[in-house]
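To keep things clear, I will list the structure first and then write my remarks on it.
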Amino acid sequence: MTHPCLTCGACCASFRVDFSVHETQEMGGDVPDGLVVEVTGATSRMRGTDHSPPRCAALTGKVGTQAACGIYEWRPSPCREFAAGSQACDRARMRQGLSPFPAQAHWA
């Protein structure tokens, strides 16, 4: 069974993603500089997440069908900390017209 996140992507198309500038490549972190916009001297944002509607520039595929993070290994901390099946996850899914996250099973 395919993990539901790989057919979702709703979180990447629902929220603003802000994080410390120290997570960017320029500052010694992993998040690619080309996908980052500066917010303040201390805060960066994933490109596209401040648009209306938001859509992270690293999101590939179509929300609700087949979706993936193009920088999964280098994603910022808010993305690493986002919990599949959480209330925020279900809110994002609902915003995209998707049903709540399925009860956990064994995902491939």
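At distances below 3.5 Å, at least one donor-acceptor pair connects side-chain atoms of His3 with backbone N or O atoms of Cys5. Remark: side-chain polar atoms of Thr7 are not paired, donor with acceptor, to backbone N or O of Thr65 under 3.5 angstrom. Looking at Glu23, its side chain does come within 3.5 Å of a backbone N or O of Ser77 through a donor-acceptor pair. Side-chain atoms of Arg47 come within 3.5 Å of backbone N or O of Gly34 as a donor-acceptor pair. The closest donor-acceptor contact from the side chain of Ser44 to the backbone of Ser20 lies at 3.5 Å or more, if one exists at all. The closest donor-acceptor contact from the side chain of Gln96 to the backbone of Val63 lies at 3.5 Å or more, if one exists at all.
A distance of 12.0 Å separates CE of Met46 from CZ of Arg55, quoted to the nearest 0.5 Å. Annotation: the span from Cys8 atom SG to Phe101 atom CZ amounts to 8.0 Å, rounded to 0.5 Å. Annotation: the span from Gln87 atom CD to Met94 atom CE amounts to 11.5 Å, rounded to 0.5 Å. Between the CZ atom of Arg75 and the SG atom of Cys12 there is a distance of 10.0 Å, given to the nearest 0.5 Å. For the atom pair Leu35 CG and Thr24 OG1, the distance stands at 11.5 Å (nearest 0.5 Å). To the nearest 0.5 Å, the span separating CG on Asp18 from CZ on Arg45 amounts to 4.0 Å.
Gln66 CD: 12 or fewer foreign heavy atoms inside a 6.0 Å radius.
Residues Leu59 and Cys69 form no side-chain contact, since every pair of their non-hydrogen atoms from C-beta on lies 4.5 Å or further apart. Between Gln25 and Val36 there is no side-chain heavy-atom pair separated by less than 4.5 Å. When side chains are defined from C-beta on, Phe15 counts as touching Arg95, because their heavy atoms get closer than 4.5 Å. Looking only at side-chain heavy atoms (C-beta outward), Asp90 and Arg93 come within less than 4.5 Å of each other. Proximity of Ser14 to Cys11: side-chain heavy atoms (C-beta onward) are nowhere separated by under 4.5 Å.
The two residues Ala83 and Cys89 come nearest to each other via the heavy atoms O-CB, 3.6 Å. Of all heavy-atom pairs spanning Gly64 and Leu98, the tightest one is CA-CD2, 3.8 Å. Considering all non-hydrogen atoms of both residues, Val17 and Cys79 come closest at CG1-SG, 3.9 Å.
Electrostatic pairing of Asp50 and Arg16 does not count as a salt bridge here, judged by no charged N lying under 4.0 Å from a carboxylate O.
Phe82 and Ile71 are not part of a single hydrophobic cluster, where members link through side-chain heavy atoms under 4.5 Å apart.
Tested against Phe19, the residues Val39, Thr43, Val31 include a single side chain to side chain contact (heavy atoms under 4.5 Å, CB included) partner, Val31.
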